[in-house]
Amino acid sequence: MAGVREGQGQLVFGLDIGTRSIVGTVGYLSGGRFHVLAQHSKEHDTRSMLDGQIHDIGRVGQTIRQVKEQLEADLNRKLTEVCIAAAGRVLRTVTTHAELSFDEEHVVTEEDVYSLSTLGVEQAYEEFQKNNDTEMKFYCVGYTPMRYYMNGYQIGNLEGHKVRTMAVDLIATFLPDDVVDGLYKAVELADLHVANLTLEPIAAIQLAIPEKFRMLNMALVDVGAGTSDISITKDGTITAYGMIPVAGDSLTDIIVQHCLVDFDTAERIKRQAGERETVEYQDIMGLTQTITAAEVEKILAEHVKEMAKQVADCIRELNGEKSVSAVFVVGGGGIIPGYTQALSEELDIVKERVAIRGQEVMQAIEFENVNPRRDSMMVTPIGICLSYYVQSNNFIFVDFNGKRIKLYDNGRLSVADAAVQSDFTNEDLFPKRGQPLTYSVNGKTRIVRGLEGEAAVIHVNGEPADIYSQVHNGDHVEVIPSTAGDPAAMELGRLAELAEQLHVVVNGTRIDLPKTASVNGQRENEFYLIQDGDDIKVQNSYTVREIAEFMDVPLGGRILVNDTPAKPDTRVYENFTLSWDVNAETTYAELEEETAEDAAKRLAAKEAAREAAAAREAEEAARRVAMQAAGETGGAAANPGQMKNPAGGFEANFQGADEITVMVNKFPVTLKGKSSYVFVDVFSFIDFDLNDSRGRSIVTQLNKRRAEYMEPLTEGDVIDIYWEEDGR
């Protein structure tokens, strides 16, 4: 036997960590048959497990070590990895459909099937989390593919087929973190690493209900000490799993109360009552007592019936509120007298279709160990070993920044997965941007993003890594969080709107005006640093006064915007035309002070003066024509008081009037005969032909600016009068 053991290579070590005892099995699969090389079981010294959940990790770990060491001695080889199964009071299941597509026809490999199942498990977990109404963290502890699909059609086995799409209907089971974590810690205390984790009902059904029987609507009930685990089959697949926290120990507790004994004595009474007519024991008072098997069955009858009822209710719930055709019972708790009878009655099926299964389901099992155990107690331990070959389901432990975390092992775990499980935010993995800058321009919100910081610094086992680096069991991952960049900053002058210019025409010349902006109602220069929340208004116009200031020229006289009278505060927009007299005596400051009524009066007076001047010009022209005609004929039509002056005009000489001298076209001209004079009076003292047949305009200037015809004249004024094309 030793030689056989030495030559087997990789062995599978299955460990059934039950509420009452721990059973270990070691073997290997060859030619479709599983060969058992060693078996060993040991009961817990204390009630360190209740209802399938570990309460004392240290004591359970010690018992596991004792089972492992005995198996190692039997096999003459070291055991380092183990397959286990989980049970518990809070079991949740999710059924999901997962699908993979390929760009072209693809031959399905074993790896493809595994990837599809992994996708289904991940998808089931996401669906489960959406409906998780507790604060507990759950893990997937097992899954079973129910149906496979090839290009939309159901198929038994995908491997080897050419597909464009493949899919799976999968049922996944979940248990709370504390249940799973307790199992792993206990196993680690025995210096073992978990190679595969499954669920107890999944493990039991591997052996108890072979695939050829799964077309039938059947139930498997694994009655242990703390839990009753249930599986349902139909249409060739496993359709549901369930679990209730009622099993053999609840019956033992009844005997404890009835016989006044400790738990271990009560457990012995329960077992021996199934093997002999009477059982002798000592109660807590030290008195020797006896009890018959019939008495034990009688005191347990009501409780057995209640336990069977709860199992039957769970079976109906899992089976669509219907009973099943048959039930297989495995596990030590199921051999209690009357249990199968009660279960058949609760399910309303004939008693022959509720049967305990043990050696009957082990036809494909080869026992190579001495005195092998082939009863129903061994179904689940061997099933745990077989589960290793049909699914890979495991957790690994990684040290992340000094924190021990557990990860569901899908074969491609990365630093990013470890970070998520450790509640290390993605924000701390990727470079952070500095504080953004938010402001508005003409009522529309704008955001400038901050600068990007440095990415997280990652090391796996002391070596540089990144978020995609794979992690394995026992790895040490260190991550220094990413940093934030500088906050966003922007000068006002960088606004795109301020790069444009405003184009206007002033006194016939095109002027390019820079656009300006106000911030929160106040004008700011281009170097102003925009602050968060600033309200910016870009000016698309100038006032007349602002244009004059920009050009650094005086503003006065008559203002026209698009040939319409305007004021200094009139706004000028893109491509507007603007004109004013840059030589006018009235400044824009004076214009700004006058009221609208005063401005109207001033403009009306100017218009009246212009009309009067035109009439005066016509009258004077007619008078000069008459005087010239009289001079040519020697008549007396000419005014005897008029004399030709050096400028070619005439002097009027009237007694009793004031006189002033002005410079006209660089010659002095004396004005006489009136108490005051206006600009148009000059034409009475000079010789200037006002008629022009070529349509030219007369240019009239007073003191180097355009003159108004009714403007008052004073001593020494300088006057220029000429036709437009003369070019003076």
Side-chain angles (χ1 to χ4, degrees), residues 10-18 22-29 40 48-49 52-54 57-69 71-72 75 77-88 91 114 117-118 121 125 137-144 172-204 206 229 380-400 404-413 417-418 421 470-475:
Q10 178 67 44
L11 300 180
V12 177
F13 175 20
L15 201 61
D16 183 8
I17 307 173
I22 294 177
V23 181
T25 301
V26 179
Y28 64 95
L29 187 67
H40 186 68
S48 51
M49 289 187 65
Q53 183 170 341
I54 296 176
I57 293 175
R59 289 184 178 272
V60 172
Q62 183 61 33
T63 305
I64 292 173
R65 179 182 291 277
Q66 292 171 1
V67 172
K68 181 197 78 163
E69 289 175 349
L71 291 171
E72 288 176 334
L75 294 167
R77 66 187 301 167
K78 190 75 174 175
L79 297 175
T80 58
E81 294 191 336
V82 65
C83 300
I84 60 175
L91 172 71
Y114 172 72
S117 297
T118 301
V121 170
Y125 183 74
K137 192 169 188 177
F138 282 74
Y139 283 99
C140 176
V141 293
Y143 67 90
T144 301
T173 54
F174 300 89
L175 280 175
D177 174 58
D178 54 356
V179 174
V180 178
D181 203 40
L183 284 171
Y184 270 74
K185 287 181 178 178
V187 166
E188 288 175 354
L189 287 177
D191 295 328
L192 289 169
H193 169 66
V194 176
N196 186 53
L197 171 69
T198 189
L199 197 68
E200 288 197 359
I202 295 178
Q206 298 295 333
D229 304 314
T380 298
I382 294 175
I384 291 173
C385 293
L386 294 175
S387 295
Y388 175 81
Y389 297 100
V390 296
Q391 69 179 54
S392 178
N393 189 34
N394 185 27
F395 293 92
I396 67 171
F397 291 88
V398 172
D399 182 278
F400 189 94
R404 183 176 183 269
I405 61 170
K406 179 164 70 265
L407 299 169
Y408 176 76
D409 188 6
N410 59 15
R412 53 179 186 274
L413 290 173
D417 297 315
Q421 192 63 33
Q470 284 198 331
V471 294
H472 305 89
N473 189 60
D475 280 351

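Sequential numbering from 1 along the given sequence is applied to the chain's residues. Hydrogens, waters and symmetry mates play no part in the numbers below; they use all other heavy atoms, side chains included.
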task = Could you pull out all residues at least two apart from Glu188 that satisfy salt bridge (charged side-chain N to carboxylate O under 4.0 Å, His left out)?
result = Arg404
key: Contacts of Thr63 that satisfy side chain to side chain contact (heavy atoms under 4.5 Å, CB included) - sequence neighbours left out   = Ile22, Lys42, His44
key: Ile57 backbone acceptor or donor facing Lys185 side chain under 3.5 Å   = no
message = Are the side chains of Asp475 and Asp399 in contact, using a 4.5 Å heavy-atom criterion?
response = no
ask   = Is it the case that more than 12 heavy atoms not belonging to Arg59 sit under 6.0 Å from its CZ atom?
value = no
inquiry  = Show the nearest heavy-atom pair for residues Lys68 and Ala190, with the distance to one decimal.
reply    = NZ-O, 3.0 Å
query = At their closest point, which heavy atom of Thr380 faces which heavy atom of Glu200, and how far apart are they?
reply = CG2-O, 4.4 Å
query = Are Ser387 and Asn196 side-chain neighbours, meaning at least one heavy-atom pair lies under 4.5 Å?
reply = yes
ask   = Just wondering, do Ile384 and Thr25 contact through their side chains at under 4.5 Å, heavy atoms?
value = no
ask   = With side chains defined as the heavy atoms from C-beta onward, is the minimum distance between Leu29 and Tyr388 less than 4.5 Å?
value = no
query = Has the side chain of Arg65 got a donor or acceptor atom that lies under 3.5 Å from a matching backbone atom of Leu189?
reply = yes
query = Does some side-chain heavy atom of Val12 sit less than 4.5 Å from a side-chain heavy atom of Val26?
reply = no
query = Side chains of Leu79 and Leu71: closer than 4.5 Å at any heavy-atom pair?
reply = yes
task = Kindly indicate whether the side chain of Val471, heavy atoms from C-beta on, has any atom under 4.5 Å from the side chain of Asp417.
result = no
message = For a 4.5 angstrom cut-off between non-hydrogen side-chain atoms, does Asp229 reach Leu199?
response = no
